Protein chains: 2
Amino acid sequence: MRILLVEDDPRIAADVARALTAAGYVVESVADGEEAWFRGDTEDYAAIVLDLGLPGMDGLSVLKRWRRGGSAIPVLVLSARGNWAERVEGIDAGADDYLPKPFRMEELLSRLRAVIRRAGGHAAPLFEIGDLALDPRQMKVTLRGVAVPLSPLEYRLLAYLMHRQGEVVSQLELTEHVYVQDHERDSNAIEVLVGRVRRKIGAELIETRRGFGYLVPRAEE
Amino acid sequence: MRILLVEDDPRIAADVARALTAAGYVVESVADGEEAWFRGDTEDYAAIVLDLGLPGMDGLSVLKRWRRGGSAIPVLVLSARGNWAERVEGIDAGADDYLPKPFRMEELLSRLRAVIRRAGGHAAPLFEIGDLALDPRQMKVTLRGVAVPLSPLEYRLLAYLMHRQGEVVSQLELTEHVYVQDHERDSNAIEVLVGRVRRKIGAELIETRRGFGYLVPRAEE
DNA sequence: TGGCCGCTGTCAGCTTCCTGTCAGCTTCGC
DNA sequence: GCGAAGCTGACAGGAAGCTGACAGCGGCCA
């Protein structure tokens, strides 16, 4: 799952990026507002972690611009401790959640999970399709109640596909979400990965749309 | 049911008191450590909600003094965000459970209920998984009723993992919670520690999620 | 003071598992 | 039926995690 991290303090950015990576996300870090706005508008992230105090264009403006542009990406706002005005503005500007600095990494992670989950329209912290269930907290996938051991990459791939259940996801998108940095384009790594996941959870759960990508079908009965 | 609330921030105290009252508890609110110690020692509460950052006598000392005096009142500790040292010490001082600030009221209520329920069973250990039980008040771990001698670090590691039972905890998070200050990042101390704990309590009780972290699984039968 | 003991971090070597690549095959769309 | 796209099994290199040994440190007791 790909996350855009917008934070100008390099120390905090590094810490957060490390924690997010450790939690299994693919993190892209950006330090100024203009760049953030561009990326958020042109690329696709599962969520954005946005610091408000930024050089270039400030965080709030960036957020407002995204929202004006129709983006519904879940945004978790970080802001200086106790800054109520900012908080109110943040929420008004369309932030999905708000975390005052300084914060505990776990709290960031848990709020981020919540924000992503809500955005996915899932009330429970569980993605379910037919017999297949994915629990992001435990990073555990079960098929008919039986745990399916997945490698980190396999897990990320499946999580992303299930997250976007019912949508066709291109190989390129998958590549961007599963890997940290850009990958060889002419590799068939994604195909291999899909194959491996299919072997573990059942081939019919990931459909191929030749020429377009893959999808996890919506209704499965 | 009577609850002693020890919290010096009047806003938080008011919020918590309101929520507790609404949940049907009788709340007594105290803002400084001396007073808290005195009340906790001389009166009878179903549980105590204790903030650690206090004027007068700090929360940790209060807790330690209660415990030294033989009190077994269930104590739920609130710890400031980002204060790892406090959290670590809280685990060591005999808190029944702890909750990082800021927190959701529902979570406070649910943890408080749990703490009270367990205390009602008298000496019932707090965290249980299959044959393994961890009693934070005594800092004691038992396996099939037999005490397992754990070193301080081993205990902290296990306590934290059990506290977050069912969730994957990254090595980074573990490092932050087990050690008071930052640690060498490229050390394999956590791995070694996990290995030592596993040897004592059984390897299957701590699962590895390669590339993500460790977890104590939820249902264990 | 000196020796013993338990705790803990480091290290090296080992094992296990992951994962990208490749070659050859199958399937699909036209 | 052809070519492109996708699938699959094998494989090798490497990363992540595990483990036993060891040494430094501090506490404790004689």
Side-chain angles (χ1 to χ4, degrees), chain A residues 18 21-24 26 139 141 147-161 168-216, chain B residues 88 92 139 141 147-161 168-216:
Chain A
R18 200 180 325 113
T21 306
V26 174
M139 295 183 182
V141 173
V148 181
L150 291 183
S151 79
L153 285 192
E154 290 163 5
Y155 173 82
R156 273 189 213 151
L157 180 104
L158 182 60
Y160 188 67
L161 283 174
V168 175
V169 181
S170 73
Q171 287 208 9
L172 186 61
E173 264 182 283
L174 281 177
T175 305
E176 287 177 354
H177 278 90
V178 168
Y179 298 104
V180 176
Q181 76 263 82
D182 273 295
H183 220 245
E184 290 297 318
R185 183 135 341 134
D186 57 339
S187 133
N188 72 340
I190 290 292
E191 287 161 25
V192 174
L193 211 49
V194 169
R196 282 172 183 149
V197 174
R198 277 177 174 156
R199 201 179 315 144
K200 292 183 180 178
I201 66 167
E204 70 287 354
L205 289 178
I206 300 180
E207 292 181 7
T208 303
R209 287 280 183 278
R210 204 165 237 263
F212 298 105
Y214 300 91
L215 90 160
V216 167
Chain B
V88 167
D92 290 350
M139 290 177 53
V141 173
V148 180
L150 291 183
S151 79
L153 284 192
E154 290 163 5
Y155 174 80
R156 268 185 223 154
L157 180 103
L158 184 60
Y160 188 67
L161 282 174
V168 175
V169 182
S170 72
Q171 287 207 10
L172 182 66
E173 270 180 275
L174 280 177
T175 306
E176 288 177 353
H177 280 273
V178 168
Y179 299 104
V180 173
Q181 75 263 77
D182 266 301
H183 219 244
E184 287 300 317
R185 201 147 288 132
D186 55 339
S187 134
N188 72 341
I190 290 291
E191 286 161 27
V192 174
L193 211 49
V194 168
R196 283 172 183 150
V197 173
R198 277 179 174 155
R199 202 176 315 144
K200 292 182 179 178
I201 66 167
E204 69 288 353
L205 289 178
I206 301 180
E207 291 182 9
T208 304
R209 287 277 184 281
R210 206 166 232 262
F212 296 114
Y214 300 91
L215 90 160
V216 168

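Computed from heavy atoms alone, side chains included, the values below leave out hydrogens, waters and symmetry copies. Chain identifiers are assigned alphabetically (A, B, ...) following the order of the sequence lines, protein sequences preceding nucleic acid strands; residue numbering begins at 1 within each chain. Every value quoted in this text rests on a predicted model; they were computed, and no experiment measured them.
Nucleotide C/dG20 holds its P atom 8 Å from the CD1 atom of A/Ile190, rounded to whole Å. The CG atom of A/Leu174 sits 13 Å away from the P atom of C/dG20 (whole-angstrom rounding). Between the CG atom of A/Leu157 and the C1' atom of C/dC18 there is a distance of 15 Å, rounded to whole Å. Rounded to whole angstrom, the span from the CD atom of B/Glu207 across to the P atom of C/dC17 amounts to 14 Å. Atom CZ in A/Arg196 sits about 8 Å away from atom P in C/dG20, given to the nearest Å.
Across every non-hydrogen atom of A/Ala147 and A/Pro149, the tightest pair is O-CD, 3.8 Å. When all heavy atoms of B/Gly211 and A/Pro152 are compared, the pair lying nearest together is CA-CG, 4.1 Å.
Partners of A/Tyr155 under the ring-ring contact (aromatic ring centres under 6.0 Å, His included) rule, at least two apart in sequence or in another chain, are B/Phe212. Evaluation of the side chain to side chain contact (heavy atoms under 4.5 Å, CB included) rule for B/Glu154 yields B/Leu150, B/Ser151, B/Leu193, B/Arg196, B/Val197, B/Lys200 as partners, not counting sequence neighbours. Applying the side chain to side chain contact (heavy atoms under 4.5 Å, CB included) rule to A/Leu215 yields the partners A/Val168, A/Glu207, A/Arg209; only residues at least two apart in sequence or on another chain are considered.
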Problem set entry | Working for side chain to side chain contact (heavy atoms under 4.5 Å, CB included), residues B/Tyr214 and B/Glu191 | CA-CA 10 Å; B/Tyr214 300 91; B/Glu191 286 161 27; 3.6 Å; yes

N/O contacts under 3.5 Å, protein versus nucleotides 4-7 of chain C?
none

Problem set entry | Where protein sits on nucleotides 2-8 of chain D, one letter per nucleotide: B base, S sugar-phosphate only, - none, heavy atoms under 4.0 Å | --BBBBB

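You'll find the side chain of B/Leu174 reaches within 4.5 Å of the side chain of B/Tyr160, heavy atoms only.
Taken from CG in A/Leu157 to OG1 in A/Thr175, the straight-line distance is 9.5 Å, to the nearest 0.5 Å.
For the side-chain contact (heavy atoms from CB on, under 4.5 Å) with A/Val194, the lone residue among A/Asn188, A/Ile206, A/Thr208 that qualifies is A/Ile206.
In the helix from C/dT1-D/dA30 to C/dC30-D/dG1, the end axes, each obtained as the rotation axis mapping the C1' atoms of four pairs onto the next four within a five-pair block, lie 30° apart to the nearest 10 degrees.
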